Amino acid sequence: MRATPSPESSGDDPDIALLVEIARGDSFAIRTFVDRHLGRTVGLANRVLRNQADAEEVAQEVFLRVWKQAPTWEPGRAQFATWMHRVTLNLCYDRMRKKREVLGDDFPELEDDAAGPGEALHEKELAARVNEAIARLPVRQRIAITLCHTQELSNIEAAAVMEISVEALESLLARGRRKLKDLLRPQAGELLGIGQ
C-alpha cells in the first residue's frame, strides 16, 4: 500500500530512520519500533473492539504488515504512524464484521502511582466509568474520541486515519462529547467527589 499525500506529512517522520533499519533486518530497530508503537496500537484496537485479546491479535497483524511495508515505504508522504492507525482501524473493522457483535469490556485502567490509596482508587473508578461511557458510544464516535484524546492525534491526522474530512471528524467529536456528557451527567457529583 502506497501512502497518499496528506497535510500532516510536511514535517519529518520520526519513524523513517527505523523503517530503513527494519527493512535491513536490524533487530534493535524492530524492538525500538515496537516499544514506540505497541501500547498505542493495542490501546486503539482495544477501544474499538472492546476486547484485549482481539486487540493484541490485531496489533500482531499490524506489526507483520509494518515489516512487509518497511522496504517499500515512500518517505515524504503520510506519516508512517498515520498509516499504522489506518491499518489498525481496518483490521478492527474486519474483525467486527466477522463477529457481528462487540465482545467484553476489558479497558486499560489509568492509575496515578503517586496518589495515595484512596485517591488512586477514586482515579481507577473514574477511569473505569469514563471507559464504560466511551464503550457505549457509536463506533465512529468512539474511534474519533480515541484517536484525538487517547492517541493524541491532531484533528488533521485523525481525519486522515478515518479517511474523512476534518469537518466530519469534528462533527463526530462534538456528537461523541455530547453523548459522553449525557452518559456521565447522572454520576457527575459522585465522579468529581462532590457531596462525599
Side-chain angles (χ1 to χ4, degrees), residues 1 3 6-9 11-22 27-70 73 75 77-96 102-113 123-124 127-128 130-135 137 139-164 166 169 172-173 176-177 180:
M1 173 180 168
S6 63
E8 79 276 11
S9 64
D12 291 328
D13 189 335
D15 292 318
I16 294 301
L18 285 175
L19 291 174
V20 169
E21 295 305 314
I22 288 169
S27 61
F28 178 76
I30 292 170
R31 282 192 305 274
T32 302
F33 190 87
V34 170
D35 288 345
R36 181 182 290 176
H37 293 288
L38 181 62
R40 291 174 61 134
T41 302
V42 172
L44 174 59
N46 194 17
R47 285 282 185 163
V48 175
L49 298 171
R50 299 189 297 174
N51 181 282
Q52 183 70 25
D54 286 347
E56 290 170 2
E57 288 178 18
V58 163
Q60 288 177 2
E61 180 62 28
V62 169
F63 285 103
L64 285 174
R65 292 184 184 198
V66 166
W67 313 150
K68 291 176 186 175
Q69 185 66 34
W73 184 257
R77 294 185 178 252
Q79 296 277 325
F80 195 77
T82 301
W83 175 82
M84 282 184 60
H85 281 93
R86 182 71 242 161
V87 170
T88 303
L89 285 180
N90 286 342
L91 291 169
C92 289
Y93 290 149
D94 290 346
R95 217 167 251 272
M96 289 167 59
V102 179
L103 303 172
D105 287 323
D106 301 325
F107 290 99
E109 296 180 3
L110 306 175
E111 186 173 323
D112 182 1
D113 294 335
E123 292 293 323
K124 191 173 182 178
V130 170
N131 284 336
E132 288 171 11
I134 291 171
L137 293 175
V139 172
R140 291 176 53 80
Q141 290 175 18
R142 187 167 68 236
I143 291 168
I145 294 281
T146 299
L147 290 173
C148 290
H149 295 288
T150 304
Q151 302 288 314
E152 299 177 355
L153 297 182
S154 70
N155 286 4
I156 293 171
E157 292 169 326
V161 168
M162 293 184 73
E163 297 179 334
I164 59 176
V166 173
L169 174 84
L172 286 170
L173 287 170
R177 289 176 185 135
L180 280 175

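Just so it is clear, the model here is predicted, and its values are computed rather than measured.
- Atom CD1 of residue I164 and atom CG of residue L172 lie 5.0 Å apart, to the nearest 0.5 angstrom.
- L147 CG to L169 CG: the interatomic distance, rounded to the nearest 0.5 Å, is 8.0 Å.
- None of N51, L44, N46 except one satisfies the side chain to side chain contact (heavy atoms under 4.5 Å, CB included) rule with V48; the exception is L44.
- Smallest separation of non-hydrogen atoms from P14 and Q79: CD-OE1, 3.4 Å.
- For the 3.5 Å distance criterion, the side chains of E56 and Q60 fail to qualify, holding no donor opposite an acceptor.
- Between the E157 side chain and the S154 main chain, a donor and an acceptor come within less than 3.5 Å of each other.
- The nearest pair of heavy atoms linking V58 to A45 is CG1-CB, 4.0 Å.
- Of all heavy-atom pairs spanning A70 and I22, the tightest one is CB-CG2, 3.9 Å.
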Item to complete: Would you check, one step at a time, whether the test side-chain contact (heavy atoms from CB on, under 4.5 Å) holds for W73 with I16?
Response: CA-CA 9 Å; W73 184 257; I16 294 301; 3.6 Å; yes
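- With hydrogens and angles ignored, the 3.5 Å screen pairs a side-chain donor or acceptor of R142 with a backbone N or O of L137.
- Between L18 and F80, the closest side-chain pair of non-hydrogen atoms is not below 4.5 Å.
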Item to complete: Quick one: do V42 and Q52 satisfy side-chain contact (heavy atoms from CB on, under 4.5 Å)? Show the steps, please.
Response: CA-CA 8 Å; V42 172; Q52 183 70 25; 3.5 Å; yes
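- Checked options V62, V161, T82; the residue passing with V87 is V62 (criterion: side chain to side chain contact (heavy atoms under 4.5 Å, CB included)).
- For the side-chain hydrogen bond (donor to acceptor under 3.5 Å, both in side chains) test, residues two or more places apart in sequence or in another chain that qualify with R36 are D15.
- Interatomic distance, L49 CG to E57 CD, rounded to the nearest 0.5 Å: 10.0 Å.
- With salt bridges taken as basic N to acidic carboxylate O contacts below 4.0 Å, none links R40 and E152.
- Nearest approach of R65 to W83, heavy atoms of both residues: O-CH2, 3.8 Å.
- With rounding to the nearest 0.5 Å, the separation of CZ in R140 from CE in M162 is 4.5 Å.
- For the pair A29 and E21, the tightest heavy-atom approach, listed with the atom from each and the gap, is CB-CB, 3.4 Å.
- Taking CZ from R177 and SG from C148, the interatomic distance works out to 7.0 Å, rounded to the nearest 0.5 Å.
- Using a 4.5 Å cut-off on side-chain heavy atoms (C-beta onward), F33 and F28 make no contact.
- Considering all non-hydrogen atoms of both residues, L38 and A59 come closest at CD1-CB, 4.2 Å.
- Atoms CG and CD1, on N131 and I134 in that order, are 5.5 Å from each other to the nearest 0.5 Å.
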